[in-house]
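In the text below, chain A, chain B and the rest are named by the order of the sequence lines, each starting its count at 1. These numbers come from a predicted model, not from an experiment.
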There are 2 protein chains.
Amino acid sequence: MKLTKASTQAALALAYLSSRKDEGFIQARNVAEFLDAPTDSALKILQTLARRGLLQSQLGRSGGYRFSGDPDRVSLLHVVEAIDGPIVSDIRISTGPQVDRMVTVLQSACDHAAAHIREDLNHVTIADLAGKTTRNADLLLAV
Amino acid sequence: MKLTKASTQAALALAYLSSRKDEGFIQARNVAEFLDAPTDSALKILQTLARRGLLQSQLGRSGGYRFSGDPDRVSLLHVVEAIDGPIVSDIRISTGPQVDRMVTVLQSACDHAAAHIREDLNHVTIADLAGKTTRNADLLLAV
DNA sequence: GTTCCCCTACTCGGATACACTTTGTCCGAGTATGATCGG
DNA sequence: CCGATCATACTCGGACAAAGTGTATCCGAGTAGGGGAAC
């Protein structure tokens, strides 16, 4: 299981913004510094998150980004699927004549795996990342 | 969840060879035809499987490949990890100063997901693919 | 008939070129805020 | 004192280059079996 760099940074950025959600709009530059990444890279991630509704953006001179949701109700799954696209099963082969049934079995296994991934990612929230809850994070870390 | 083309073809090849395991060594060309793939591509996959011990290879004039194991004891997990490498959690970010704890939480979630993937893949065997068993395949297809 | 040698058919393993995905960077355009200027 | 205009600081969104990973193809080398020649 791998998280792309982009979705990892997206999760971290959301956690960062959620911890400063009372301070109004935070500029992309600040988020970039937190992520130790170029401003442009952070910008692209923040824009995507805003387009997907996970962040609010404000144009203009004192603009920036703000996390306005409930950190407990935004899961890693939302973040990853917003950035990398949906997690679905994917068999990269053109079904030949003899192998149809076999491919179906493989497909089924992948479907199960994909469902499990989604489930696992859905169990971790932005609040867990930000450490603003005692619900899951320490439990997870203890395992 | 995605299977690479190579590991998919590897699984299909193993299923094919397991269904003909009594016929001695099968040439790579025949496997390639079954997969509807170039001989060279099939060859590389077969070679890797042989190196990993999932197939036996025979040099020389009437050489080829043979599946000598128990189709019920070789799972998709073995195949995928033989071809694509081990399935492990993977966070592609250099841990910064402030984000250590967050990354640890992410890592934990990925670990869980990876374990689930391995579990799911381990439940499907070559025999399930080849249809030589009633144990799992139809069950899987029914879901 | 037996032994030796060569030819053929196949795998082995590395090397290389190609394609796709992910990542990093840049630039023009648009928008809200605050300052400045004119009435 | 008030309103219009302008400069500034930021986001938006696309476009593009660079890097990494997965895929396809090629080629020389090595090995086992069979056929033929020599004895």
Side-chain angles (χ1 to χ4, degrees), chain A residues 2-10 12-13 17 23-33 35-67 80-88 90-94, chain B residues 2-10 12-13 17 23-33 35-67 80-88 90-94:
Chain A
K2 66 180 181 184
L3 288 186
T4 64
K5 187 172 183 179
S7 54
T8 304
Q9 289 177 325
L12 296 177
L17 288 174
E23 303 178 31
F25 290 96
I26 310 282
Q27 297 173 14
R29 191 199 315 143
N30 294 345
V31 179
E33 285 171 7
L35 295 177
D36 192 27
T39 303
D40 281 329
S41 295
L43 211 44
K44 180 179 284 188
I45 292 171
L46 293 171
Q47 285 171 8
T48 304
L49 290 175
R51 228 176 297 135
R52 294 283 192 278
L54 296 176
L55 283 179
Q56 287 185 340
S57 68
Q58 174 70 32
L59 284 175
R61 179 162 179 162
S62 60
Y65 294 88
R66 183 175 61 181
F67 179 78
V80 171
E81 296 207 321
I83 299 293
D84 295 339
I87 295 176
V88 292
D90 182 18
I91 304 273
R92 308 190 165 191
I93 200 173
S94 57
Chain B
K2 64 181 181 183
L3 288 186
T4 64
K5 187 172 183 179
S7 54
T8 304
Q9 289 178 323
L12 296 177
L17 288 175
E23 304 177 31
F25 290 97
I26 310 283
Q27 296 174 15
R29 190 200 315 144
N30 295 344
V31 179
E33 284 170 9
L35 295 176
D36 193 27
T39 304
D40 281 329
S41 295
L43 211 44
K44 180 178 282 188
I45 292 171
L46 293 171
Q47 284 171 8
T48 304
L49 290 175
R51 227 176 297 135
R52 294 284 192 279
L54 295 176
L55 284 179
Q56 287 184 342
S57 69
Q58 174 68 31
L59 283 176
R61 179 160 179 162
S62 60
Y65 294 88
R66 182 175 63 182
F67 180 77
V80 172
E81 296 207 321
I83 299 293
D84 296 339
I87 295 175
V88 292
D90 182 17
I91 304 274
R92 307 189 166 192
I93 199 174
S94 56

| task | Output all residues satisfying salt bridge (charged side-chain N to carboxylate O under 4.0 Å, His left out) with E23(B), sequence neighbours left out; order by chain, then residue number. | result | R20(B)
| note | Rounded to whole Å, the CZ-P distance (R52(B) to dG13(C)) equals 12 Å
| Checking all strands, does A37(A) fall into the base, sugar-phosphate, or nothing category for heavy-atom contacts under 4.0 angstrom? | nothing
| message | Tell me the interatomic distance from D40(B), atom CG, to dG13(C), atom C1', rounded to whole angstroms. | response | 12 Å
| query | Does some side-chain heavy atom of L17(A) sit less than 4.5 Å from a side-chain heavy atom of L46(A)? | reply | yes
| Interatomic distance, L55(A) CG vs dT11(D) C1' [rounded to whole Å] | 13 Å
Collect all protein-nucleotide pairs involving nucleotides 5-8 of chain C in which both atoms are nitrogen or oxygen and the distance is under 3.5 Å.
none

| request: Would you kindly give the CZ-to-P distance between F25(B) and dA32(D), to the nearest whole Å? | output: 11 Å
| Set of residues satisfying salt bridge (charged side-chain N to carboxylate O under 4.0 Å, His left out) with respect to R29(A), sequence neighbours excluded | none
| said: Restricting to non-hydrogen atoms, name the atom on Q9(B) and the atom on A37(B) that form the minimum distance, rounded to 0.1 Å. | reply: NE2-CB, 3.7 Å
| task | Starting at atom CZ of R29(B), determine the distance to atom P of dA9(C), rounded to an integer number of angstrom. | result | 10 Å
| query | Which nucleotide in the list dG30(C), dT25(C), dT33(C) gets nearest to the side chain of L59(A)? | reply | dG30(C)
| said: Strictly by side chain to side chain donor-acceptor pair (under 3.5 Å), give each pair with a member in residues 41-50 of chain A just once, sequence neighbours left out. | reply: none
| note | The answer to which of P38(A) and S62(A) contacts DNA chain C further toward the 5' end, by nearest nucleotide, is P38(A)
| field | Whole-Å distance separating the CD atom of Q27(B) from the P atom of dA9(C) | value | 11 Å
Determine all donor-acceptor pairs shorter than 3.5 Å in which one atom belongs to a side chain in residues 52-60 of chain A; sequence neighbours excluded.
unit_1, atom_1, unit_2, atom_2, d
R52(A), NE, A82(A), O, 3.4
Q56(A), OE1, R66(A), NH2, 2.8

| query | Which is true for A50(A) with a 4.0 Å heavy-atom rule: it touches a base, it touches only sugar-phosphate, or it touches nothing? | reply | nothing
| said: Tell me every residue that passes salt bridge (charged side-chain N to carboxylate O under 4.0 Å, His left out) with R51(A), counting only those two or more places apart in sequence or in another chain. | reply: none
| remark: Taken in chain and number order and not counting sequence neighbours, the residues that satisfy side-chain contact (heavy atoms from CB on, under 4.5 Å) with A10(B) are I45(B), L49(B), V79(B), I83(B)
| message | Both L43(A) and Q9(A) contact DNA chain C. Which one's nearest nucleotide lies toward the 5' end? | response | Q9(A)
| request: Give the rounded distance in Å between these two atoms: CD1 of I45(B) and P of dT25(D). | output: 12 Å
| message | Could you tell me how far apart D90(B) (CG) and dT22(C) (P) are, to the nearest whole angstrom? | response | 13 Å
| note | With sequence neighbours left out, the residues meeting side-chain contact (heavy atoms from CB on, under 4.5 Å) with N30(A) are Y16(A), I26(A), Q27(A), E33(A)
| remark: B/S/- along nucleotides 14-23 of chain D (protein heavy atoms under 4.0 Å) is -B-------S
